[in-house]
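Note on naming: letters A, B, ... go to the chains in the order of the sequence lines (proteins, then strands), and numbering restarts at 1 for each one.
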Protein chains: 2
Amino acid sequence: MPVTRKPDERLRDVSRRMILDRTAGLLVRQGYGATSLRDIAQACDMKAGSLYYHFDGKDALVEEIMTEGVKRVEASVLDALQAASGSPPLDRVRIAMEVHLRTLHDKSDYGSAHIRCFAHVPADIRHRLRSTRAGYDAVWARLLSEAQQAGAIAPDIDLHTLKFAIIGMMNWTLEWPLQNGVGPEEMANSFFRIAFMGAGQD
Amino acid sequence: MPVTRKPDERLRDVSRRMILDRTAGLLVRQGYGATSLRDIAQACDMKAGSLYYHFDGKDALVEEIMTEGVKRVEASVLDALQAASGSPPLDRVRIAMEVHLRTLHDKSDYGSAHIRCFAHVPADIRHRLRSTRAGYDAVWARLLSEAQQAGAIAPDIDLHTLKFAIIGMMNWTLEWPLQNGVGPEEMANSFFRIAFMGAGQD
DNA sequence: AAGAAATTATAACAAGTGTTAGGTAAAAGG
DNA sequence: CCTTTTACCTAACACTTGTTATAATTTCTT
């Protein structure tokens, strides 16, 4: 088991985290259906049967990763919003967009594994993940609502649709990468410009 | 083989189309990995082995559906643009958005099957689909370029990013339905409003 | 260092998958 | 209507998959 650990780390915890990490990477690269337990085990220098010591089965492993994916994005965005609590409303929106994109693209595979595989996991998992996702959704709803109440968003804009448009364009960057070399900050700035100032010219 | 056909229709053509139609529906509902040839055969009141008379294999069938999916969206959008050739540039953009959404949501399952399964088919299929998709991409690139040259889109807007944002928000409606009862026209209008006039308030 | 507990390997299982080749029923052609 | 061709059935195959129970190895505790 070629995994490095510190003296106070239990093997179980280190192995378990490594399995989660490597599986997340496989899910991003191959998708749910094309990632077998044997693939996962190989990526971990283990055998498939051993994975059952740590997880109840493939789907439990996958669900844990996907749940953690949403949680990580949510935590990152909340942290950033907390740190920017005194900033103007639309600045906070732009920051949230940037952090969302950074978490998806740069931080780890968990968030992107979630988005990539959501539509393909068994229905019961998807159902449970929907409510986890709804929590993060509420973060955006609150953020946009505050911005609209502060007068920063036009009153005729339906916030549900706006949230949807923003999240849609951001998450779509995982399916069809925007452009090589473009980072989260630049993406966020471009999308923010389009969504809030509009691409149109009078 | 419970399928209705007209006197001039060949059984082969009718059966083949029915297999494509029903498979597209399954792909939308279940995804690529969870749709077996036995599922498809059952949906067609056939046995799995029989599908080989019409298609070389599962992947040939799936690829044909997904290719047709892009082609249908493209054809619909091009038709609509042709019919609106005298309209102002941004009207044409809005029409294209509406037709894109209508084709995805109301017309048939082929387009949505494409989007749902794209990230999950074998890499060689995905590679070929990428170039099919690039053709449709070019339709949008041209449309937006004409609008910008006509002065309808701000000169600082990068058209590649704008196209991306628009397609992203529209295609995301397949992953996470915007709202029950909202049709393509209303969606298109809302997304158009956000993307071109901006949600912000001065 | 020894023994207990933890962690991984192993072999096997049952079920499912895409596919093939030969057979048969249905459609088409004259 | 009869014959030929077409379209579907069938049985089997080889392989893959998630999973289980037991064995073996490694880690942890005293």
If you pin Asp39(A) and Asp56(A) to their nearest nucleotides in DNA chain D, which one's is more 5'?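 Comparing both residues, the 5'-ward one is Asp39(A).
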
Can you see if the side chain of [X] gets near the phosphate of [N] - specifically, an N or O under 4.0 Å from OP1 or OP2?
X: Ser15(B); N: dC8(D); value: yes
X: Lys58(B); N: dG18(C); value: yes
X: Ser36(B); N: dG16(C); value: no
X: Arg10(B); N: dG29(C); value: yes
X: His54(B); N: dT6(D); value: no

Rounded to whole angstroms, how far apart are [atom1] on [X] and [atom2] on [N]?
X: Leu37(B); N: dT20(C); atom1: CG; atom2: P; answer: 11 Å
X: Asp13(B); N: dA28(C); atom1: CG; atom2: P; answer: 10 Å
X: Leu26(A); N: dT17(D); atom1: CG; atom2: P; answer: 13 Å
X: Leu11(A); N: dA5(C); atom1: CG; atom2: C1'; answer: 12 Å
X: Ile40(A); N: dT19(D); atom1: CD1; atom2: P; answer: 10 Å
X: Tyr52(A); N: dT19(D); atom1: OH; atom2: P; answer: 3 Å
X: Arg12(A); N: dT29(D); atom1: CZ; atom2: P; answer: 10 Å
X: Asp45(A); N: dT26(D); atom1: CG; atom2: P; answer: 14 Å

Please name the pair of heavy atoms, one in Ala188(B) and one in Arg94(B), separated by the smallest distance, quoted to 0.1 Å.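 That closest heavy-atom pairing would be CB-O, 4.3 Å.
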
Can you find a pair of side-chain heavy atoms, one from Val182(B) and one from Thr161(A), that are under 4.5 Å apart?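 Answer no - side chains too far apart.
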
Test applied, salt bridge (charged side-chain N to carboxylate O under 4.0 Å, His left out); reference residue, Glu64(A); option that passes from Lys71(A), Lys58(A), Arg128(A), Arg16(A):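 It is Arg16(A); the other options fail the test.
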
Looking at Arg38(B) and dG18(C), is any side-chain donor or acceptor paired with a base atom of the opposite kind under 3.5 Å?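 Donor-acceptor pair under 3.5 Å: yes.
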
Which residue lies more 5' along DNA chain C, comparing Ser50(B) with Ala48(A) via nearest heavy atoms: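 Nearer the 5' end of the strand: Ala48(A).
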
Start at the 5' end of DNA chain C and walk down; is the nucleotide closest to Gly33(B) or to Glu9(B) reached first?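 Nearest nucleotide further toward 5': that of Gly33(B).
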
What is the nucleic acid contact for Gly49(B), judged by heavy atoms within less than 4.0 Å: base, sugar-phosphate only, or nothing?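 The residue Gly49(B) makes base contact.
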
Determine the interplanar angle of the His114(B) and Phe118(B) rings, folded into 0 to 90°, and report it as parallel if under 30°, tilted if 30 to 60°, perpendicular if over 60°.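 Judged by the thresholds at 30° and 60°, the geometry between His114(B) and Phe118(B) is parallel.
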
Assign the ring pair Trp140(A) / His100(A) to parallel, tilted or perpendicular, where the plane angle (0 to 90°) is split at 30° and 60°.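 If you compare the ring of Trp140(A) with that of His100(A), the planes turn out perpendicular.
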
